[in-house]
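See structure below.
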Amino acid sequence: MSLPASFFDREADVVARELLGAELQHDTPDGVISGRIVETEAYLGPHDPASHSAVGRTPRTWHMFGPPGTAYVYFIYGMHWCVNAVTREDGYGAAVLIRALEPLRGIEHMRRNRSGIKPRVRPLADRDLCNGPGKLCAALGIDRTRDGASLTGGSPLTIVAGLPAPDHEVLITPRIGISRAVEWPLRFVLSARGKE
DNA sequence: ACGCGGATGGCCT
DNA sequence: GGCCATCCGCGTA
C-alpha cells in the first residue's frame, strides 16, 4: 500500500528520516521498476535558502507547493532529472529529495535505462545503478511527465512502506552539492545496506 | 584514492 | 550572463 498523504504532511526533516527503508516504485511499460530508499535530503521550505521554494512559486517550482505526497520532478545541469516528495500542507513548499536507492525490481531494465548513447565496456554493477539522484531517475525512467504526480496512489509513481530503519543505521550529515545553508544537517543516509 | 573540468539547457536576474 | 539539489571520464599518486 502507498504511504498516505498524512505521512507526508509533516516537517521535511521528519519525512526524510522516515522515508529511509521505504520503496519507490515506478510502473512503466516494461513493468514495475523499484528500489529501497537509502539516502534523502530535506528542503524545509521558503525560509530554507537552499530550497527551490525560496525563489517563490515559478513554473519550475510549481509542484513543490502542491499538497503533501506530490512528486516534484525538476531538470538540472542540462541533462538530469531529480525527484522529490512534497511535504507539509498544500501551498507551503517543503520537500524531500530522494538521493539514492538500493535496486529491488526491474534491475535489467535499470541497466538498459542507464546505459548511455555509447556502448559500455562492462555492464554497470547493481550498486552503481541508483546511487545518485540523477542516476535513480534515469534507472526508473522518471522525467517531467511525473512532475506533479501523486505518490500516494493512483499514479504510476508511488512510495510503499518498508522495514523501518533503526537509528543506529542512520547517518545524518550536511546536504550535498548546494552553496547556501551548507552546514544544516538535513541529509539522511541508511548505511549497513548497499551503497556508499 | 582522490581532484578537476566538460557536458548541456532551462530558468532567474 | 551566470548559476545550478549532477554525472562521468581523465589526470595525478
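Each chain gets a letter, A, B and so on, in the order the sequences are listed, and its residues count up from 1. Because only heavy atoms are used, hydrogens play no part in the values below, and waters and symmetry mates are left out as well, while side chains stay in.
- Note: CH2 (W81(A)) to P (dT8(B)) measures 16 Å, nearest angstrom.
- With dA7(B), dG9(B), dT6(C) as the candidates, the nucleotide lying closest to the side chain of M79(A) is dA7(B).
- With rounding to whole Å, E41(A) atom CD is found 6 Å from dA5(C) atom C1'.
- Checking dC11(B), dC8(C), dG9(B) against the side-chain heavy atoms of K135(A) singles out dC8(C) as nearest.
- Partner assigned to dG5(B) is dC8(C), using Watson-Crick or G-U wobble distances below 3.5 angstrom.
- Using a 4.0 Å cut-off between charged nitrogen and carboxylate oxygen, R17(A) and D167(A) count as a salt-bridge pair.
- Within the 4.0 angstrom heavy-atom criterion, only backbone atoms of the sugar-phosphate kind lie near I178(A); the bases stay farther away.
- The distance from the CD atom of E11(A) to the CZ atom of R88(A) is 4.5 Å, given to the nearest 0.5 Å.
- Atom CG of N113(A) is separated from atom C1' of dC7(C) by 16 Å (rounded to the nearest Å).
- Here the side chain of S155(A) pairs a donor or acceptor atom with the backbone of S150(A) at under 3.5 angstrom.
- In this structure, Y43(A) counts as stacked on the base of dA5(C) under the 5.5 Å centre distance and 30° plane angle limits.
- Taken to the nearest 0.5 Å, the OH atom of Y74(A) stands 12.5 Å off from the OG1 atom of T61(A).
- Residue-to-nucleotide contacts include a donor-acceptor pair under 3.5 Å from the side chain of Y74(A) to the base of dA5(C).
- A sub-4.0 Å separation between OP1 or OP2 of dA5(C) and a side-chain N or O of H52(A) is present.
- Of the listed nucleotides (dA5(C), dC4(C), dC7(C)), dA5(C) has the atom at the smallest distance from the side chain of M64(A).
- Between H63(A) atom NE2 and dA5(C) atom C1' there is a gap of 18 Å when expressed in whole angstrom units.
- Checking the phosphate oxygens (OP1, OP2) of dC12(B), a side-chain nitrogen or oxygen of T58(A) falls inside 4.0 Å.
- Between R99(A) and dT6(C) there is a side-chain polar atom (N or O) within less than 4.0 angstrom of OP1 or OP2.
- Taking atom CZ on F75(A) and atom P on dT6(C), their separation rounds to 14 Å, with Å as the unit.
- If you take OH of Y77(A) and C1' of dG6(B), they are 13 Å apart, rounded to a whole angstrom.
- The shortest distance between the side-chain N/O atoms of S179(A) and the OP1/OP2 oxygens of dC3(C) is not below 4.0 Å.
- A salt bridge does not link R187(A) with D13(A): none of the charged nitrogens is closer than 4.0 Å to a carboxylate oxygen.
- Remark: C1' of dC7(C) and CZ of R127(A) are 17 Å apart, rounded to the nearest angstrom.
- Between H52(A) and Y43(A), the ring centre distance reaches or exceeds 6.0 Å.
- Within the 4.0 Å cut-off from OP1 or OP2 of dC4(C), at least one side-chain nitrogen or oxygen of R180(A) is found.
- Distance from the side chain of P133(A) is smallest to dC7(C) among dA5(C), dG9(B), dC7(C).
- The distance between atom CZ of R60(A) and atom C1' of dG10(B), rounded to the nearest whole Å, is 8 Å.
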